[in-house]
Amino acid sequence: QKDPAQVAPPLDGVTEGEQPEKSGEALRRFRLPIFEGPLDLLLHLIKRNELDPQEVATSIITDQYLQYLQLLDSLNLDLAGEYLVMAATLLLIKSYSLLPHPGVADTEDGEELKRDLVERLLEYQRYREAGAKLGERPMLGRDVFAAPGETVEPSETVEYRASLFDLVEALREVLKRLSGKAPRQIVLRDIPVAERMPVVLEAIDRAERVEFAALFEDLTDHSLVIATFLALLELIRRGQVLALQQGRLGPIVLSRKSPSADQNSLAKGE
Amino acid sequence: MEEERLKAILESLLFAAGEPVSLARLAVVLDNVPKEAIRKALNEMALAYAGGRGIALEQVAGGYQLRTPKEHALYVRKLLAAKPPRLSRSLLETLAIVAYRQPITRPEIEQLRGVDSGGVLETLLERRLIKIAGRKEAPGRPMVYATTAEFLEAFSLKDLESLPDLSEFRELQNAVEESAESTPEQLELEQSTESAEPSPTGDDPSASQADTPESPVESNRGEDESN
Amino acid sequence: MEEERLKAILESLLFAAGEPVSLARLAVVLDNVPKEAIRKALNEMALAYAGGRGIALEQVAGGYQLRTPKEHALYVRKLLAAKPPRLSRSLLETLAIVAYRQPITRPEIEQLRGVDSGGVLETLLERRLIKIAGRKEAPGRPMVYATTAEFLEAFSLKDLESLPDLSEFRELQNAVEESAESTPEQLELEQSTESAEPSPTGDDPSASQADTPESPVESNRGEDESN
């Protein structure tokens, strides 16, 4: 992608004789130098006229610069604003030197404009050179190459997963709340864990993701809570359910590990 | 740890890492080996590699990295069949400005370059050669840009201090002018002679602006001749 | 080609390739070198590497490959495991969308990205960079995502207001308006996350360790040098 401000110009010999002879839809092919902006163009013109950057404000440079802008204008081509600003600056400097100016202040203004421009030009030239030098350095992927690197089994996600301890902590929270709801009604029944597993899966499937606490919301029976919890642990152990915690003390969210729509997206998404 | 074994392990580590590895990171892995011993081993390794080998040990981006020597670039490129990263003049120029003047804002860059630099900065960010390094405490709190570790790695620089002194360029100015100007980048384009219609997308003004009748016309299109 | 030079180039090639390279492929790169010469050089290299080096040349199914020897696996594993996980482009992209548009639903994210984002969101949830922030009052009551405190921490952000100004990322906004008709490459998104790159120096717990007198290597060094 080209810098939008780049324009391609100029001025190396107007080649009128080389207009295409064929009429109609003839396509012409050009090779043009690319300029990075008005400063770049000015440096080009200075070089071409074998001048010094100090002499940027001489009329030959100004004339050629303007000639180029006119050329683009005659082609109805949009011109980056920076080129026009520079043109105005050059013209202003020129006007100071051409017009009679009784005030001393005016002369100084003109000189200052010129000094500023030369300074900018020199500074720009320095960075352009620095850039060129940078481009000459041994470049990775061009001149020198590194090893692609070996990989090991990624283990870093583990630490993001909620630990068993977190689950137990969360369960305690649920139980604490429960005991507020139905105090002292602890009747332990023998509920098979296997019976609770499909219930847990169904709850997760219904909502795609379920907060850990929500799984126990409607349970007032401690035996049921414990069986449900054990069922969940078993499902996690089997890799059917994924437990994720948002933040160290955040809620634990349960989701289906496989097979579900989410699993597909996992494969596609990354 | 015996010295030869240390060197062998270091070679493994640097090879496996691929990217530059800092002395600190190596020391973490090599638990009980003092940093000084690691540094010494690395220096000796660098010397040992130097003699016409296929691998070189370089200090890059604040760390150590194994790399192929420059002389083999052609072969390696051929094997990898990868296009070498191309950095245009405008990218290099802007990168140099960021490198020497960081942290620097976009308006400051544009003042130095004299042109809008949004597109160039975007490309440099995309290539991870520069990053947004925060905001300047100035009106509007503009973002400031700085170079990345990837920049140092890409240009084989040990650190930012290894950049050549900017003042050197002033002296060289004329010589530079020669070399920079002798091969200006060129834009190749085609245009119908019937109309100077701007490109339909409008997102590449440079292409449409590039046509000038003054420009050396390379050739007419072959198709026309056959008619 | 001279034999030593051939070996050096082969070393460069295998080093840069990482993967196994077939003899045929090597022969293509090394234009005029006969396969037999290449095979012989490789065999000699394999022998030379064998003596306690950090790299081994192995012949595997796909060809020849440079690898770290098994004896160093522990160290290599430690080094690579210590490497902070890098966020892939799609992760960063999604993260940035969430950061700027939170609270946001998965369909909205997918509309912006133009691709299914379930897996990416899951990874981000896993890494605690985003969280489920509730449900949207809309048909189906879809869940909405938001960034976490860990996100701010990981990206060295004081608060969400410290994110780079969205207005500076025109194209993201455009993408929002156009509602992702294709696969928009959100270059700007990288900018936002790039700024938060963890500092390369980061941790240096070894520094103190290395200087401790208990470190056994220190005492051995003298002997090694005399060898």
Side-chain angles (χ1 to χ4, degrees), chain A residues 1-12 14-15 18-20 22 25-34 36-39 44 47 71-72 75-78 80 82 86 123-135 137-150, chain B residues 15-18 65-68 70 73 76 84-85 87 89-90 92-93 95-97 100 112-116 119-120 153-156 164 166 169-170 173 176-177 180-181 184-193 196 204-206 208-212 214-221 224:
Chain A
Q1 211 184 345
K2 300 277 181 243
D3 186 333
Q6 287 173 351
V7 283
L11 309 195
D12 280 323
V14 181
T15 52
E18 294 183 43
Q19 295 291 338
K22 304 276 196 292
E25 298 264 325
L27 287 171
R28 295 161 59 208
R29 186 173 274 237
F30 303 101
R31 279 190 165 275
L32 299 162
I34 296 174
E36 310 294 344
L39 293 173
H44 172 80
K47 167 71 171 53
L71 179 74
L72 293 187
L75 287 168
N76 290 325
L77 294 172
D78 287 335
E82 297 93 345
M86 181 60 74
E123 182 152 43
Y124 171 71
Q125 194 182 34
R126 232 177 297 144
Y127 286 112
R128 202 174 64 163
E129 158 68 355
K133 277 277 174 295
L134 215 47
R137 293 194 59 82
M139 208 186 288
L140 193 69
R142 184 187 71 182
D143 309 308
V144 293
F145 296 83
E150 295 186 341
Chain B
F15 174 76
Q65 187 176 34
L66 291 177
R67 298 173 151 205
T68 59
K70 228 170 141 179
V76 178
L87 286 170
R89 219 149 62 81
S90 59
L92 286 171
E93 177 184 301
L95 195 52
I97 289 173
Y100 281 99
L112 281 170
R113 294 190 64 220
V115 287
D116 180 290
V120 185
E153 195 185 344
F155 289 94
S156 314
L166 195 57
F169 295 128
R170 187 169 253 158
Q173 159 183 308
V176 170
E177 183 68 14
E181 216 55 55
E185 283 178 55
Q186 298 207 308
L187 182 66
E188 196 172 321
L189 61 135
E190 293 168 353
Q191 191 194 28
S192 162
T193 49
D204 191 3
S206 64
S208 56
Q209 285 174 3
D211 284 2
T212 77
E214 286 190 339
S215 61
V217 178
E218 201 181 61
S219 72
N220 293 336
R221 291 290 297 262
D224 297 316

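It should be emphasised that the depicted structure is a prediction, and the values quoted were computed from it without experimental measurement. Here is the naming used below: chain letters follow the sequence lines, and residue numbers restart at 1 for every chain.
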4.5 Å side-chain heavy-atom contact, B/V115 and A/P38
yes
Is the shortest side-chain heavy-atom distance between B/L87 and A/M139 below 4.5 Å?
yes
Could you please spell out the steps behind the side-chain contact (heavy atoms from CB on, under 4.5 Å) verdict for B/V120 and B/E93?
CA-CA 10 Å; B/V120 185; B/E93 177 184 301; over 6 Å; no
Of the backbone (N, CA, C, O) and the side chain (C-beta and beyond), which part of B/L112 lies under 4.5 Å from a heavy atom of chain A, both, or neither?
both
In terms of heavy-atom proximity below 4.5 Å to chain B, should A/R142 be classed as side chain, backbone, both, or neither?
both
So do the side chains of A/Q125 and A/L39 get within less than 4.5 Å of each other, counting heavy atoms only?
no
So, the part of B/Q65 with a heavy atom under 4.5 Å from chain A: the answer is side chain
